[in-house]
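Heads up, the thing below is written out as structure tokens.
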Amino acid sequence: MLPLRFRRVTMSARVLVGVKRVIDYAVKIRVKPDRTGVVTDGVKHSMNPFCEIAVEEAVKLKEKKLVKEVVAVSCGPQQVQETIRTALAMGADRGIHVEVSGKDYETLGPLQVSKIFAALAKKEQADLIILGKQAIDDDCNQTGQMTAALLDWPQGTFASEVTLEADKLKVVREIDGGLETIKIKLPAVVTADLRLNTPRYATLPNIMKAKKKKIVNVKPADLGVDVSSRLEVLKVDEPPQRQSGVKVETVHDLVEKLKEAGRI
Amino acid sequence: ATSLIRVSSMCLNLRKMDQVLDLHQEDFDVTVEPGVTPKGLNSYLRDTGLWFPVDPGADASLCGMAATSASGTNAVRYGTMRGNVLNLEVVLADGTVLHTAGKGRRPRKTSAGYNLTNLFVGSEGTLGIITKATLRLFGIPESMVSAVCSFPSVQSAVDSTVQILQAGVPIARIEFLDDVMINACNRFNNLSYAVTPTLFLEFHGSSKSMEEQVSITEEITWDNGGSDFAWSEDEETRGRLWKARHDAWYAALALRPGCKAYSTDVCVPISRLPQIIVETKEDLIRNNITGPIAGHVGDGNFHCLIVLDPNDPDEVQRVHSFTERLARRALAMDGTCTGEHGIGLGKRALLREEVGLLAIEVMQGLKATLDPKNLMNPGKVL
């Protein structure tokens, strides 16, 4: 017989999942000639791979009947609705599109996004937030942690395994030294690492069904969030070209070259 | 199909032409350049609910797959390249650029003029260089289920295959592994399948239809003496199952470390499959050849993954004679000397036996028209 509190938390549990629209991982990135950023026009975009893993984990929890509702959230211009639709096709129940466009979108970063998520978590009475550990465009790896701090919720980051145990979450984290297992109380923030799961492909029937699911539009101001940035990007450059190696004839030459280069 | 290059030839690497162009989701078609592979394309398509299912096992160039008329483990359901190429952009020997179905055209069917698209599919680079292919896409199935079943004999495994097809089960993959192959796979992948002819099956469809497909199939295998029918929808389990099949090449090699492997490839009408496999196994045993068998029985196609010591001239000769006998055995059963791997250099004489002198002359006429100076992959196919 499950304790009443467990039943109340989990059977009506609502999960917020953040999904970010980024340049597709397979695209060759090119820096704009004015070095203010990278070329995004006409370039294929898709859901951040770690966000796909986050959605998959949330949907799995729902399929196991451990949570009741999965809400997909994305911040950005009109195009992010495609990303939310993909999350819906994977099994999320409804979407929230936080409208940010133009200059605000160019300077949108983890601090503003985490404020948005914190506000939404309160508004939607979420019990769990699952995010990708980082986005593949900025590699910040900050939004999950900042969101947890703003809400004063526990966090299980770099999760490679998540298990619901009574009203606690057991999270196995990937850390430099190996794996760390922690138990955190709900409500909590979890960020998904690579090995957490393998995301499902959206099938056509599910894409068709997803068209009927609702996406609500919200403005940051409605949530009391100021999206102006305190950071300024000064310039963006390509990584230095890889220098070609040099072949030498003898071991003696090799030693000489290493000495010349100050290596030995 | 094309593994030997003459001294005076040049190889073109088109890998850098790697764009996916013109995706039309509602029409289920996409155009790709030579550098795009099935994995790359399916990754590009992953949000659309569409995929390109032809899967030859290696992550090859799609245009290259068109040139060699590639097939794969799910040809029984989705067909080979022949049925899935709608249009090609081909650079001919004189440098002119041909659009085989007309520039930009992609109707699902047509009866306009000669079928130039399929002339180039499977031409192994001898008629022109393919620089774009317009491909037919399919919906990603809602559900996939994999199954394994052991059989007391080759006959019972193949009989089951025929009956599954006759029952109208839209089976996606139906792979046969003989006892030698299963043993090799067990050892290589640390599995414990019964060492006896085995079928690996995969079903695609809606979640509702899965149960029906699986239960009809299970009944058929039971009726034919099959046992240990095990199935799984879970992705990890399915992955392990198919890994065992895809690792067959390496599993075969591991039987005799230090040796090389050579794959045969014949295809016969399905009803002749039991006979050809039984006769082939007898031939292998009689000639002391290590040749585990794996095959796409749903198409009547199988491969002997022969493992041999290339430095033993007697063994090399025995294997060579064996492969000739095998090809002729298939031809005698209304089949083909190559189901998937192509003619290249090694099967030119067999091609002549298979299609007859007149067909060869027609092919030579086409070759002479399109490539009078014999610049394109000279010496292959004809």
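Chain naming here is simple, since letters A, B, ... match the order of the sequence lines and numbering starts at 1 in each.
- For CD of Gln79(A), the number of neighbouring non-hydrogen atoms (other residues, nucleotides, ligands) closer than 6.0 Å is greater than 12.
- Counting non-hydrogen atoms of neighbouring residues, nucleotides and ligands closer than 6.0 angstrom, the CZ atom of Arg82(B) reaches no more than 12 such neighbours.
- Closest heavy-atom contact between Asn42(B) and Tyr201(A): O-CE2, 4.4 Å.
- Partners of Glu236(B) according to the side-chain contact (heavy atoms from CB on, under 4.5 Å) rule, which considers only residues two or more places apart in sequence or in another chain, are Asp234(B), Arg240(B).
- Shortest non-hydrogen contact noted between Thr198(A) and Glu235(B) is CG2-OE2, 4.3 Å.
- Residue Ser206(B): no heavy atom, backbone or side chain, is found under 4.5 Å from chain A.
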**Report entry** Step-by-step side-chain contact (heavy atoms from CB on, under 4.5 Å) determination, Lys44(A) to Leu23(B)
**Finding:** CA-CA 12 Å; Lys44(A) 182 168 203 285; Leu23(B) 166 66; over 6 Å; no

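- Among residues at least two apart or in separate chains, ring-ring contact (aromatic ring centres under 6.0 Å, His included) pairs with a member in residues 60-91 of chain B are Trp51(B)-Tyr78(B), Tyr78(B)-Phe138(B), Tyr78(B)-His204(B).
- Heavy-atom contacts from other residues, nucleotides or ligands closer than 6.0 Å to OH of Tyr250(B) number 12 or fewer.
- Annotation: residues 46-55 of chain A contacts chain B through Ser46(A), Met47(A), Glu52(A) [non-hydrogen atoms, separation under 4.5 Å].
- None of Thr86(A), Thr83(A), Asp24(A) except one satisfies the side-chain contact (heavy atoms from CB on, under 4.5 Å) rule with Asp47(B); the exception is Thr86(A).
- Counting heavy atoms of neighbouring residues, nucleotides and ligands inside a 6.0 Å radius, atom NZ of Lys168(A) does not exceed 12 of them.
- With sequence neighbours left out, the side-chain contact (heavy atoms from CB on, under 4.5 Å) criterion links Ala75(B) to Ser71(B), Thr80(B), Asp299(B).
- Residue Glu142(B) comes nearest to Thr203(A) through the heavy atom pair CA-CG2, 3.8 Å, listed as atom of the first residue, atom of the second, then distance.
- In the displayed structure, Glu233(B) atom CD is contacted under 6.0 Å by more than 12 heavy atoms of other residues, nucleotides or ligands.
- The environment of Lys219(A) atom NZ is sparse: at most 12 non-hydrogen atoms of other residues, nucleotides or ligands sit within 6.0 angstrom.
- For Leu50(B) against Leu204(A), the heavy-atom pair with the smallest separation is CD2-CD1, 3.7 Å.
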